Amino acid sequence: DKIKALSGVYFNWNANPNSDRQIGLIAQDTLKVLPEVVVGNEKDGYGIAYGNLSALLIEGVKAQQTQLSSLSALTNSLQSSNNLQDNEIQKLNQALALLKTDNQDQTQITNQKISSIQNNLATAGSQINLLSTKLSSANALLSQNSQPVQELPFYQFKNASSELSSSLTEQVIENNQFSAKYSAPENFQELAINLGIANQLDLSGKDQGQSYLVYDVYLEDSASLEDFHTELGNIQDQKEIEWIRSSHPFFLSGWNQVRLPLTDGAKTGEIDWQHLNYFRAYFKLSANASIKFKNIRIETKASYVPLAQAIDARNLDLLNNIDQGTALKDIFGKLEIQALTNKKLDDNVSELSQNLKKMQDQLDLVQTQSQAVIDFALALNMDNLIYKDVSGNVNLGLGNLEATEVKAKKVKAEDYVVSENSDPLKNNVGSVIIRVGQQEVLVKNEKVMYDSKIIVTPVGSSPVNWVLSDKIDNVGFKIKLDKSVQFDIAFDYWVIGVEK
């Protein structure tokens with residue numbers, strides 16, 4: 001699951017956008033999935049420790065190998081079933097050598113037996129085909145990730161064309177990119193492409209579930225971007241997929257790559273994947289600025305062919321295989337005993353199904369018993385219990401107490417006691433504001449002593465640097481900023497006095 005959540009990308013360095021294209025991971029995206037391989041921080045910049053990915057890839061290969069082993073076991077079971085059929089046919093041939101009869105009545109009886117055997121054979125064929133279907137489903141798990149990624153160009157900006165339209169101004173097409181000027185602050189403008197029949201893209205033979213719309217967009221000033229939408233399909237507002245602003249990456253000033261999964265957009269109609277011809281990006285900025293587009297393409301994988309389809313299913317279908325069916329009917333037509341039927345084949349298939357169910361039941365039982373042992377062990381661990389001792393105290397063991405709100409008149413934490421006080425000069429909790437142009441403030445509080453513990457927290461998201469500069473016995477304490485700011489800063493505080 002972690003490997004599937006990672007997204008490999010093509011990219012160019014912002015510092016040198018015309019350099020050779022690179023491949024790798026986006027650190028900010030990888031941080032959400034696998035923080036262990038991301039180095040650096042938001043202030044100085046992030047990087048990827050690609051060597052650390054080897055452990056994840058090893059485990060991914062092992063997981064796929066486990067699936068392959070399960071598939072191999074299912075294939076072996078199917079082969080065993082086929083071997084049993086071959087043995088039955090061999091016994092039929094041996095019995096045929098012993099049969100000698102020309103009696104018309106016996107022929108009539110034999111014809112009745114043939115009808116009964118054909119019915120049994122139809123049931124056996126259905127059961128065998130069901131096994132083949134299960135084999136196909138198992139293969140799908142392995143085949144989905146085995147196809148190579150393909151890049152299919154949707155539109156390259158090579159010259160002026162009636163297929164391209166835009167409400168932007170100062171339009172220029174050169175170096176396989178479209179450049180223009182956004183000239184309508186606070187209003188939406190767009191770039192739209194409607195391909196002719198000869199240039200439409202055919203995605204019908206591809207796996208849309210693993211396909212992405214990818215293009216590059218340049219913003220002169222990303223801070224002015226207020227909204228951004230992308231559409232792809234056949235007809236605007238009728239047969240299209242639309243991605244809203246939150247589906248797009250965090251845009252920076254300069255070139256950005258947009259990579260949108262086809263399954264994540266909102267559909268307004270049934271898309272004709274064989275004639276993909278419509279693309280549109282529309283956006284709103286707060287100021288006039290340059291904007292560019294290039295390299296609109298589809299990243300996709302070919303639809304996979306399950307391994308089970310490589311096996312001729314007719315070889316498993318005794319009822320519909322002409323050669324096998326004719327041979328068996330000829331044998332059955334000359335039988336005079338009822339022992340040679342397809343009942344054993346039914347029994348073999350049924351036994352295989354029962355064994356698989358028994359294995360699953362045993363696995364479920366082991367898991368249930370293991371969880372019961374874990375639960376019982378946890379119940380015996382005093383560190384995991386909440387209990388009330390003989391003194392009336394409620395103990396949490398080694399656990400943490402989390403609550404939306406805790407109300408108490410007095411809270412004791414080892415050597416420190418905090419209690420409420422309604423006197424404004426003696427209150428141990430409160431708020432204070434450092435106004436614009438100030439660098440420090442004195443918080444008056446007669447409870448403050450030199451050895452008091454004071455918790456101070458700035459309110460809001462604006463970053464400030466501050467210190468608790470002085471504590472004056474029976475007077476209060478000071479909060480000091482490293483420099484004056486251009487906005488008011490509020491602080492919450494909590495004074496914890498040492499119990500005397």
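The first residue of the sequence shown is numbered 1, and numbering continues consecutively from there. Quick caveat: nothing in here was measured; it's all calculated off a predicted structure.
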If you draw a 6.0 Å radius around CD in Glu186, do more than 12 non-hydrogen atoms from other residues or ligands fall strictly inside?
-> yes

State, yes or no, whether a side-chain contact exists between Tyr182 and Lys284 at a heavy-atom distance under 4.5 Å.
-> yes

Between Tyr278 and Arg280, is there a cation-pi geometry (under 6.0 Å to ring centre, at most 45° from the normal)?
-> no

Within-4.5 Å side-chain heavy-atom neighbours: Leu260 and His248 = yes

Per-pair distances, 0.1 Å, donor-acceptor, side chain in residues 39-57, under 3.5 Å, sequence neighbours excluded:
{"from": "Asn41", "atom 1": "OD1", "to": "Lys43", "atom 2": "N", "distance (Å)": "3.1"}
{"from": "Asn41", "atom 1": "OD1", "to": "Asp44", "atom 2": "N", "distance (Å)": "2.7"}
{"from": "Asn41", "atom 1": "ND2", "to": "Asp44", "atom 2": "OD2", "distance (Å)": "3.3"}
{"from": "Tyr46", "atom 1": "OH", "to": "Glu42", "atom 2": "N", "distance (Å)": "3.3"}
{"from": "Tyr50", "atom 1": "OH", "to": "Leu25", "atom 2": "N", "distance (Å)": "3.1"}
{"from": "Ser54", "atom 1": "OG", "to": "Gly51", "atom 2": "O", "distance (Å)": "3.0"}

Residues Leu195 and Leu276: closest non-hydrogen pair is CD1-O, 4.1 Å

Could I get the full list of salt bridge (charged side-chain N to carboxylate O under 4.0 Å, His left out) partners for Asp488, not counting sequence neighbours?
-> Arg435

All side chain to side chain donor-acceptor pair (under 3.5 Å) counterparts of Ser290, not counting sequence neighbours | Glu220

Could you go step by step and tell me if Ser224 and Ser286 meet the side-chain hydrogen bond (donor to acceptor under 3.5 Å, both in side chains) rule?
-> CA-CA 5 Å; Ser224 66; Ser286 61; 4.7 Å; no

Taking all non-hydrogen atoms of both residues, which atom of Leu203 and which atom of Thr300 are closest, and how far apart?
-> CD2-CG2, 4.2 Å

Any donor-acceptor pair under 3.5 Å from Ser72 side chain to Leu68 backbone | no

Going by heavy atoms in the side chains, are Ile489 and Gln438 under 4.5 Å from each other?
-> no

Passing candidate, side chain to side chain contact (heavy atoms under 4.5 Å, CB included) with Tyr493, options Thr457, Val429, Val456, Ile455 | Val456

Gap separating the CG atom of Asn176 from the CZ atom of Phe157, nearest 0.5 angstrom | 10.0 Å

Sort and list the pairs that fulfil side chain to side chain donor-acceptor pair (under 3.5 Å) and have at least one residue in residues 6-30, not counting sequence neighbours.
-> none

N/O donor-acceptor pair under 3.5 Å between Ser166 side chain and Leu191 backbone | no

Within a strict 4.5 Å, meaning less than it, do heavy atoms of the Ile298 and Leu213 side chains meet?
-> yes

Side-chain contact test, heavy atoms from C-beta onward, threshold under 4.5 Å: evaluate it for Asp237 versus Thr268 and give yes or no.
-> no

Please test Val214 against Glu151 for side-chain contact (heavy atoms from CB on, under 4.5 Å), starting from the C-alpha separation and ending with a verdict.
-> CA-CA 9 Å; Val214 186; Glu151 271 200 2; over 6 Å; no

To the nearest 0.5 Å, what is the distance between OG (Ser167) and CD (Gln189)?
-> 4.0 Å

Does the side chain of Ser183 reach to within under 4.5 Å of the side chain of Leu168, using non-hydrogen atoms?
-> no

How would you list, by chain and number, every residue that makes a salt bridge (charged side-chain N to carboxylate O under 4.0 Å, His left out) with Glu240, sequence neighbours excluded?
-> none

Tyr215 and Phe154: aromatic ring centres closer than 6.0 Å?
-> no

Say you draw a straight line from OG of Ser246 to NE2 of His229; how long is it, rounded to the nearest 0.5 Å?
-> 9.0 Å

Whether over 12 other heavy atoms sit under 6.0 Å from Lys181 NZ | yes

Mark yes when over 12 heavy atoms from residues, nucleotides or ligands other than Lys239 sit less than 6.0 Å from its NZ; otherwise mark no.
-> no

Aromatic centroids of Phe228 and Phe251 separated by under 6.0 Å | yes

Backbone N or O of Lys292 within a donor-acceptor pair of the Gln177 side chain at under 3.5 Å?
-> no

How far apart are the closest heavy atoms of Gly60 and Ile3, and which atoms are they?
-> CA-CD1, 3.7 Å

Between CD on residue Gln150 and CD on residue Glu299, distance to nearest 0.5 Å = 11.0 Å

Test item: Trp243 side-chain N/O and Pro261 main-chain N/O as donor-acceptor pair under 3.5 Å = yes

Given side chains that start at C-beta, do those of Asp492 and Ser431 come closer than 4.5 Å, heavy atoms only?
-> yes

Among Leu201, Asn234, Leu262, Asp202, the one residue meeting side chain to side chain contact (heavy atoms under 4.5 Å, CB included) with Trp273 = Leu262

Atom pair CD (Glu190) and CZ (Phe283), whose distance is rounded to the nearest 0.5 Å | 8.5 Å

Decide yes or no for Val443 and Val448: does some side-chain heavy atom of the first lie under 4.5 Å from some side-chain heavy atom of the second?
-> no

Roughly how far apart are Leu6 CG and Ile26 CD1, rounded to 0.5 Å?
-> 11.5 Å

Atom of Pro17, atom of Trp255 and distance for their closest heavy-atom approach = CB-CD1, 4.2 Å

Answer yes or no: does atom NZ of Lys267 have more than 12 heavy-atom neighbours from other residues, nucleotides or ligands under 6.0 Å?
-> yes

Check: Met449 main-chain N/O paired with Ser452 side-chain donor or acceptor under 3.5 Å = yes

Using the test salt bridge (charged side-chain N to carboxylate O under 4.0 Å, His left out), find all partners of Glu242 that sit at least two apart in sequence or belong to another chain.
-> none

Donor-acceptor under 3.5 Å (Gln208 side chain, Lys206 main chain) = yes

